[in-house]
2 protein chains.
Amino acid sequence: MRVTIYDVAKKAGVGIGTVSRVINKSPQISPKTRKKVLGIIKELNYQPYVMAQGLARKKTNTVACIVPFFTGYFYFELLNGVQQALSKHNYDLILYSVDLFDKKEDIFERTLQERRVDGVLLFSMTISDDYADKFVNKKMPIALVDGYHKSLDSITIENKKGAYLAAEHLIKMGHSKLGLINGNLGSIPARIRLKGFNDALAANDITPDEQHIFNVSSIDDPQILSNDGFNKLAGYYGMSKLLDLGENRPTGVFISSDIQAAGAMKVVNERGLKIPEDIAIVSFDGIELSEYLGLSTMKQPMFEMGALAVEHLIKKIEKRSNNGVFKKLFHPELVIRDTCGAKLQMEKILD
Amino acid sequence: MRVTIYDVAKKAGVGIGTVSRVINKSPQISPKTRKKVLGIIKELNYQPYVMAQGLARKKTNTVACIVPFFTGYFYFELLNGVQQALSKHNYDLILYSVDLFDKKEDIFERTLQERRVDGVLLFSMTISDDYADKFVNKKMPIALVDGYHKSLDSITIENKKGAYLAAEHLIKMGHSKLGLINGNLGSIPARIRLKGFNDALAANDITPDEQHIFNVSSIDDPQILSNDGFNKLAGYYGMSKLLDLGENRPTGVFISSDIQAAGAMKVVNERGLKIPEDIAIVSFDGIELSEYLGLSTMKQPMFEMGALAVEHLIKKIEKRSNNGVFKKLFHPELVIRDTCGAKLQMEKILD
DNA sequence: CAAAAATATGGAAGGGCTTCCATAAAAGAG
DNA sequence: CTCTTTTATGGAAGCCCTTCCATATTTTTG
């Protein structure tokens, strides 16, 4: 039979309320009693039963993370930050992976109703006004990471500035025929990155060439469209299109995610072209993969974003935060590796 | 106020027991009543409250996954299989990441006592006899994935055979100076892979050269030692040592994990050597990264391993399984990409 | 030293569900 | 149409906690 609070109370010769107060570190317990009860707890190896605590407190000490799992590594690093922050606060993490669109709403519905969790972390996904309202009305704390909704807390990255800096860097490297491989323009990051890209061109008096701008929206292959086009295949396909232009192809390409860049690099290699000599690349995200590939990329501080999201969410859960909508914007940082050509240029200068 | 089973019962004009039975798909409910109650449930948008269910049923419908998180991608793919299998059975996944050793035992203790979960999946970790007994005694189902304990269910990979095949492949490619970069020999996979490697050499009348065998155990840099040496840095360091041998270096190297291979490839490139021309590599694991790097590797069917682990665990949880200890051995499969030199050789032949 | 205030403790009620036992309704048998 | 069996339903008790209210104990104050 399980050891309950009653067993502890009886053995310690106190009431169950007292035991409960000891467990919950209530200040209004005499040191003597506390010590006695703590002794018995250890002796019986008692541990409170979370389900019962949850029922009584109406609190689960658990947070849901909804992650578009299939996409890969980006979330892994975020998750790491999240996990560490949560365990510091003694919260558990329930992981929901979403692949299909309707599954997302399913999970929203469940988290709102079942009350299995005290709060929700939503990664890289959109949320309809409808559900946003539901979360607000039901007072279920939610934070979007790498996603945006006007009435919800969100932690995002300066996408526009990132794209701007990436393009600017390529321009500084001497490229004037600039390409862009983007995700689905239906997604906000894709739209904003396009804007940043265009701004950089404009600021440098470069007229964008429509041919050099690829976005996944024109395609209807579901594999290419998955995850809003932020996938390997889309990168492969996009780069093929650019290379098909022959001499007209761009010489420097900004690719809106590392994962797309991985695919893009593959085609470039397959066609016998050299990176960065023939085509220079700067991408976006800064996942670990970029390091292995030698990708020059705009790095997002993912670990920090995950950790901050947790800190903030817990504040809301524990009502230690005002009720305003919290928005935090992180800045991406240009990490120069091999694909942008900066190192190569530097070597030449030094020679 | 929350919608409870009482609200539904009242509105439907039935008793709470009836509502409960409808929810739990009890057969002994007349179709008429079922329909009526189901209607009200939808109308009130009622959903049972998991904490209360958990308390009453003494069941949580949740499984804990204990993962050595920091290491990386290997677990990501396993997790994917796990997650999908779990959600099919309507179980939730609580993720515990372990970095420090004592944290592991902490989590064991908690899962055993708090009863927050119905079962545990332990990835790539050892478990002491002591804790193994505790799990058995407390009847808490647990399955080890990529780990072994005699009295617990486990799902593992044929490490010896995998290493054997990898080495054999290199030998077939014409290499006779074979190197090995291994993890910490304190870990079982590292020991077994060493054995497989040696067996392959013996079977082909090659005397192993001590100099060509690197294992992390001789080092005391904590970074290199982390995760039993299955990390990038260890690979980098190990390969440096082999390359330091100059003309004496091995021409073909079996590296016991993809992640180490990534580090190893980096040094090889830095030193201006070519893969596979100067050094051929076959590694182990088959994580997604290996694809990007063009690594020839022994692929573990990770998704399947994760999924099977779940299926099995749930059977145990739901008592649908006999009580024997379940052991399943998966077979790794050689995936030929660029680093082993097989493709290159093939091209030469075709020319 | 008594009265008032502050502090510590006991335990009933309540949280939302499942389940068992008792009872009511329906079906079958004679 | 009545009696027995089967099937369907109602609701109390129990799962293990927290919390509030009532009471007991200690400390402070005049």
Side-chain angles (χ1 to χ4, degrees), chain A residues 1-38 40-41 44-62 90 110 112-118 138 318-319, chain B residues 1-38 40-41 44-62 90 110 112-118 318:
Chain A
M1 216 47 271
R2 271 194 63 80
V3 182
T4 74
I5 210 171
Y6 289 91
D7 303 319
V8 176
K10 189 189 273 179
K11 185 136 189 171
V14 300
I16 54 163
T18 303
V19 177
S20 175
R21 276 180 287 256
V22 168
I23 293 165
N24 295 294
K25 305 197 200 323
S26 157
Q28 39 159 0
I29 281 280
S30 74
K32 200 177 60 190
T33 325
R34 187 194 318 286
K35 204 171 146 195
K36 184 173 57 183
V37 172
L38 249 20
I40 301 293
I41 285 179
L44 297 182
N45 192 20
Y46 167 81
Q47 281 222 350
Y49 185 44
V50 272
M51 290 281 134
Q53 283 186 319
L55 181 57
R57 284 189 193 143
K58 296 176 155 246
K59 175 129 194 310
T60 63
N61 266 35
T62 306
N90 240 303
R110 282 184 54 199
L112 283 170
Q113 296 285 328
E114 285 182 342
R115 300 254 147 194
R116 172 168 289 219
V117 298
D118 299 331
K138 293 229 172 190
E318 298 179 353
K319 306 263 153 58
Chain B
M1 215 49 268
R2 269 194 65 76
V3 182
T4 74
I5 209 171
Y6 290 90
D7 304 319
V8 175
K10 190 190 273 177
K11 186 136 188 172
V14 300
I16 54 163
T18 303
V19 177
S20 175
R21 276 180 286 255
V22 169
I23 294 166
N24 295 294
K25 307 202 199 317
S26 157
Q28 41 159 356
I29 281 279
S30 74
K32 200 177 61 190
T33 324
R34 187 196 316 286
K35 205 173 145 194
K36 183 172 60 182
V37 172
L38 249 21
I40 302 293
I41 284 179
L44 298 182
N45 191 20
Y46 166 80
Q47 282 223 347
Y49 185 46
V50 271
M51 291 282 133
Q53 283 187 319
L55 182 57
R57 284 189 192 143
K58 297 174 156 245
K59 174 128 193 311
T60 62
N61 265 50
T62 306
N90 241 303
R110 281 183 54 199
L112 283 169
Q113 295 286 328
E114 286 181 343
R115 301 254 146 194
R116 172 169 290 222
V117 297
D118 300 330
E318 298 179 353

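In the text below, chain A, chain B and the rest are named by the order of the sequence lines, each starting its count at 1.
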Look at the side chain of A:Ser30 and decide which nucleotide, out of C:dA8, C:dT18, D:dT9, has an atom nearest to it.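 The answer is C:dA8, which lies nearest to the side chain.
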
Roughly how many Å is it from [atom1] in [X] to [atom2] in [N], rounded to a whole number?
X        : N      : atom1 : atom2 : value
A:Asn24  : D:dC20 : CG    : P     : 12 Å
B:Glu114 : D:dC16 : CD    : P     : 15 Å
A:Arg57  : D:dT18 : CZ    : C1'   : 8 Å
A:Lys59  : C:dG15 : NZ    : C1'   : 16 Å
A:Gln28  : D:dA24 : CD    : P     : 17 Å
A:Lys36  : C:dA8  : NZ    : P     : 14 Å
B:Ile16  : C:dG16 : CD1   : P     : 12 Å
A:Gln113 : C:dG16 : CD    : P     : 13 Å

Describe the nucleic acid contact of [X] in one word from base, sugar-phosphate, nothing, applying a heavy-atom distance below 4.0 Å.
X       : value
A:Val14 : sugar-phosphate
A:Ile29 : sugar-phosphate
B:Thr4  : sugar-phosphate

For a quick check, tell me whether the side chain of [X] and the base of [N] share a donor-acceptor pair closer than 3.5 Å.
X       : N      : result
B:Arg21 : D:dG10 : yes
B:Arg2  : C:dG15 : no
B:Tyr6  : C:dC17 : yes

Please name the pair of heavy atoms, one in A:Val14 and one in A:Val37, separated by the smallest distance, quoted to 0.1 Å.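 Nearest heavy atoms, A:Val14 then A:Val37: CG2-CG2, 4.1 Å.
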
Of all the heavy-atom pairs spanning A:Ile23 and A:Ile5, show the shortest one and how long it is.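 For A:Ile23 versus A:Ile5, the nearest heavy atoms are CD1-CD1, 4.1 Å.
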
In terms of the nearest nucleotide of DNA chain D, which residue is placed more toward the 5' end: B:Thr18 or B:Leu55?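 Closest to the 5' end, via its nearest nucleotide, is B:Thr18.
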
With nearest nucleotides of DNA chain D determined for B:Lys32 and A:Gln53 from heavy-atom distances, which residue corresponds to the more 5′ nucleotide?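 By nearest-heavy-atom nucleotide position, the 5'-most residue is B:Lys32.
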
B:Asn90 backbone acceptor or donor facing B:Asn61 side chain under 3.5 Å: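 Confirmed, B:Asn61 side chain pairs with B:Asn90 backbone.
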
Please report the C-alpha distance between A:Val3 and A:Asn45 in whole Å, then the side-chain angles of each, then the deciding distance to 0.1 Å, and finally whether the side chain to side chain contact (heavy atoms under 4.5 Å, CB included) criterion is met. CA-CA 8 Å; A:Val3 182; A:Asn45 192 20; over 6 Å; no

If you assign B:Met51 and A:Arg34 each to the DNA chain C nucleotide with the nearest heavy atom, which residue ends up on the more 5' nucleotide?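 On the 5' side of the pair lies A:Arg34.
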
How many angstroms lie between CD in B:Gln47 and CD in B:Gln53, if you round to the nearest 0.5 Å?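 The CD atom of B:Gln47 sits 9.5 Å away from the CD atom of B:Gln53.
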
Is there a side-chain polar atom (N or O) of B:Lys58 under 4.0 Å from OP1 or OP2 of D:dC16?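 For D:dC16, OP1/OP2 do have a side-chain N/O of B:Lys58 under 4.0 Å.
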
